[in-house]
Amino acid sequence: MEEHNLLETNVSMVPKMDFRPLLRLKMQYIHNAAVKSLCPPVRYKSTTVANKENKENNCPEVDAKPYSSIPSKAKLPYLGHFFHGLAYAKKTYKLTEDWYQDLGPIFQIKIMNLDMVVIRDPDDIKQHFRMEAKYPQRLEFKSWLHYREVHDEELGVLLADGEKWHVQRRAISPYMMQPRYVATYTHDLNDTALDAVDLLRHERDTRGGGKVVPLMRDLLFRWALESIGVVLFGKRIGCLSLEGSTDPDTDAFAHAVNDMFTTSERVGFLPLAFVKIFFRKDFAKHMACWDTIYRVAKKYIDAQLNAITEEGSKDEEAGGLVRQLATNKELTIKQVYATAIDVMTGAVDTTTTALQWCLYELARNPDVQERLYAELVRVVPDGRREQITQKHLIDLHYLKACVKETLRLYQIAGGYSRVLEQDTVIRGYKLPKGTVIAGATPNLCRDSNYFEDAGEFKPERWLRDASGRKQETHPFAYLPFGFGTRSCVGRRFAELEMHLLLGQLVRQFIVRPGNAVDVEINHTLLIYPSKSVDIELVDRQTDDKDSAQTLHS
Ligand code: HEM
């Protein structure tokens with residue numbers, strides 16, 4: 001296997017002046033000038049009128065308007081909206097919001113070969129999902145596929161399509177989507193959460209002057225990796241030891257996943273020939289990340305497969321999900337590796353990022369924190385190392401609402417995509433088979449037409465008030481884990497892990513902003529904080545009544 005050097009540069013940690021608005025203007029100027037000289041003028045129909053018509057005529061296919069009439073902005077030959085893409089680098093959610101304001105709830109964007117129709121009305125999203133194919137397909141991640149092709153690796157559940165995807169999904173869904181199976185991991189994931197909390201305290205005291213936890217993001221990576229280790233291998237892999245990770249490869253893995261996702265914005269979707277020339281460094285870094293991901297993941301999977309072979313059927317329960325995969329007769333050994341690697345990759349950056357956003361919001365909202373703490377004290381009243389059990393979780397409504405609300409404001413996966421399997425009419429436009437649809441769900445989640453006080457962190461919106469009423473939410477306005485048969489297979493584990501860590505952390509500490517101020521959203525492939533959310537942790541006093549006061553001091 002070809003080895004590349006992993007560039008350790010952590011882009012998001014470097015403080016920067018924000019020239020982006022200026023750059024955006026400049027890019028748009030270049031784009032407009034180029035369009036003027038290269039393209040004939042194009043007129044677009046007012047979308048307000050078009051949308052009204054479509055809603056009223058219920059979009060009968062015979063009257064459907066052609067694809068070419070979908071609202072868009074003037075395009076350059078071949079490059080399409082390439083400069084718009086550059087100008088909105090790391091701010092995809094802003095592009096979709098600005099274009100929605102200009103063009104309405106359906107528009108087309110084309111960046112070289114990447115041709116997408118963005119939809120942003122929850123009724124359209126609902127209609128789209130209602131027609132979903134048996135084997136739903138997402139937008140192709142070219143660089144991800146390229147790596148597997150060059151290294152003769154099988155596509156796992158994240159990337160495979162058709163029957164090959166279905167076989168792998170069928171192998172894990174009955175476990176990962178099954179609440180009873182997931183619940184069996186509660187004890188071990190609790191221990192993981194408690195060790196993570198100890199590690200945060202230790203880092204605060206040894207490196208953070210007893211106040212702020214430095215490099216919070218990296219510590220949460222270690223928690224996320226340890227947690228998915230428990231799920232996949234049924235045992236601890238040792239990332240949370242106070243002296244540092246027992247295996248330096250675990251840090252390399254977590255950083256590689258993060259850099260791989262971040263570089264995917266540039267190199268993931270465009271023609272590879274172009275990417276290899278114009279984004280050479282990013283491409284090399286991206287491939288190096290995959291080398292590390294595969295090398296480290298395979299090391300753990302190999303060790304587990306050997307242990308299973310040696311132990312035989314001695315302990316059917318041991319061995320975590322890898323055991324279920326390895327004993328599944330429908331899967332080839334390459335598919336076992338591929339799916340385990342996909343699950344491991346899908347699990348780390350997502351939960352780490354969600355937890356960072358959640359702590360950021362709790363630090364900014366002491367009242368929310370106080371209410372959460374009060375609930376935790378009431379439901380889990382005993383010693384601070386007590387396990388949070390499934391029985392407790394039933395009553396921890398506010399805890400779950402905090403995580404839910406975090407994923408509304410920061411929809412980690414940044415929207416969804418599907419490739420149409422048949423000609424389809426959406427909003428009165430005829431979209432041919434093969435069209436890529438992207439749902440702008442992160443924008444919808446912050447739209448005051450669908451959420452009251454949409455910009456505010458209000459977990460109580462998900463709960464019944466004193467009179468038993470709950471805010472009505474359009475079910476297709478909030479889809480952080482996607483929807484349908486291709487939705488996130490790790491959802492239940494992700495939620496359990498996040499509930500346990502958040503619960504254990506807030507039981508022991510008051511969370512204050514620390515260095516986590518002026519954090520912006522960086523939307524590349526995922527929705528990241530612009531810097532590590534390095535919060536301050538204040539030990540709670542054993543007398544619970546006092547700590548509510550400290551929270552406000
Ligand atoms: C906050 C945490 C997470 C979020 C927000 C999230 C979100 C998502 C989303 C939006 C998708 C695509 C769904 C679609 O296309 O409809 C997805 C797919 C996937 N996720 Fe997650 N995820 C999270 C955590 C996890 C974890 C912990 C795991 C593993 C245990 C995981 C494994 C996967 C896999 C394997 C897929 C591909 C499923 C398929 O194509 O069949 N995710 N996730």
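No hydrogens, no waters, no symmetry mates; every other heavy atom, side chains included, goes into these values. We number each residue from 1, following the sequence as shown. Both counts, for ligands and for their atoms, begin at 1 and track the order of listing.
Using the six-membered ring where Trp is involved, His128 and Tyr416 have ring planes that are parallel, under 30° apart on the 30 and 60° scheme. The aromatic rings of Trp462 and Tyr478 are tilted relative to each other, their planes meeting at an angle between 30° and 60°. Ring orientation note: the planes of Tyr410 and Trp357 are close to parallel, at an angle under 30° on the 30°/60° scale.
In Met176, the part holding a heavy atom less than 4.0 Å from any atom of ligand 1 is the side chain.
When each atom of ligand 1 is checked for a heavy atom of Met498 under 4.0 Å away, the hits are 1 (C). With ligand atoms numbered from 1 in the order given, ligand 1 contributes 16 (O) to contacts under 4.0 Å with heavy atoms of Phe483. Those atoms of ligand 1 with a heavy atom of Ile228 less than 4.0 angstrom away are 30 (C). For ligand 1 and Gly482, the ligand atoms under 4.0 Å from any heavy atom of the residue are 10 (C), 13 (C), 14 (C), 16 (O). Taking every non-hydrogen atom of Val343 and a distance limit under 4.0 Å, the qualifying atoms of ligand 1 come out as 29 (C), 30 (C).
Without hydrogens or angle criteria, Ser173 side chain to Arg170 main chain gives no donor-acceptor distance under 3.5 Å. Side-chain atoms of Thr345 come within 3.5 Å of backbone atoms of Ile341 as a donor-acceptor pair (strictly under, hydrogens ignored).
Salt bridge annotation for Arg130-Asp123: absent, with no cationic side-chain nitrogen under 4.0 angstrom from a carboxylate oxygen. By the 4.0 Å N-to-carboxylate-O rule, Lys458 lies too far from Glu405 to be salt-bridged with it. One finds no salt bridge joining Lys235 and Asp188 here, because no Lys/Arg side-chain nitrogen approaches an Asp/Glu carboxylate oxygen to under 4.0 Å. With salt bridges taken as basic N to acidic carboxylate O contacts below 4.0 Å, one links Asp98 and Lys94. Of the charged side-chain nitrogens involved, none lies within less than 4.0 Å of a carboxylate oxygen, so that Asp534 and Arg217 do not count as a salt-bridged pair.
When only interatomic distances are considered, the shortest N/O to N/O separation between Tyr416 and ligand 1 does not fall below 3.5 Å. Between Arg169 and ligand 1, at least one pair of N/O atoms sits closer than 3.5 Å. The distance criterion of under 3.5 Å between nitrogen or oxygen atoms is not met by Glu497 with respect to ligand 1. At least one N/O-N/O distance between Arg486 and ligand 1 falls below 3.5 Å. For ligand 1, none of its N or O atoms has an N or O atom of Arg491 under 3.5 Å away.
Here the protein heavy atom with the shortest distance to atom 25 (C) of ligand 1 is Gly346 O, 3.5 Å. The closest protein non-hydrogen atom to atom 40 (O) of ligand 1 is Arg138 NH2, 2.5 Å. Of all protein heavy atoms, the one lying nearest to atom 32 (C) of ligand 1 is Gly490 N, 3.9 Å. The single protein non-hydrogen atom nearest to atom 4 (C) of ligand 1 is Phe481 CE2, 3.5 Å, given as residue, atom name and distance. Ranking the protein heavy atoms by distance from atom 2 (C) of ligand 1 puts Thr350 CB, 3.7 Å first. Protein heavy atom at the shortest distance from atom 16 (O) of ligand 1 is Arg418 NH2, 2.7 Å. Atom 11 (C) of ligand 1 has its closest protein heavy atom at Cys488 CB, 4.0 Å.
The CG atom of Leu270 lies 10.0 Å from the CZ atom of Arg266; values are rounded to the nearest 0.5 Å.
Looking at Val157, Thr351, Leu158 and measuring to atom 37 (C) of ligand 1, the nearest heavy atom belongs to Leu158. Looking at Pro136, Pro480, Cys358, Ala347 and measuring to atom 5 (C) of ligand 1, the nearest heavy atom belongs to Pro480. Residue nearest to atom 34 (C) of ligand 1, selected from Leu139, Leu496, Val489: Val489 (by heavy-atom distance).
Using 4.0 Å as the threshold, Gln168 has no heavy atom nearer than that to any atom of ligand 1.
Applying the 6.0 Å contact sphere to CD of Gln178 captures more than 12 heavy atoms from other residues, nucleotides or ligands.
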Leu355 and Trp223: CA distance, side-chain angles, deciding distance, side chain to side chain contact (heavy atoms under 4.5 Å, CB included) verdict: CA-CA 11 Å; Leu355 237 292; Trp223 155 75; 4.1 Å; yes

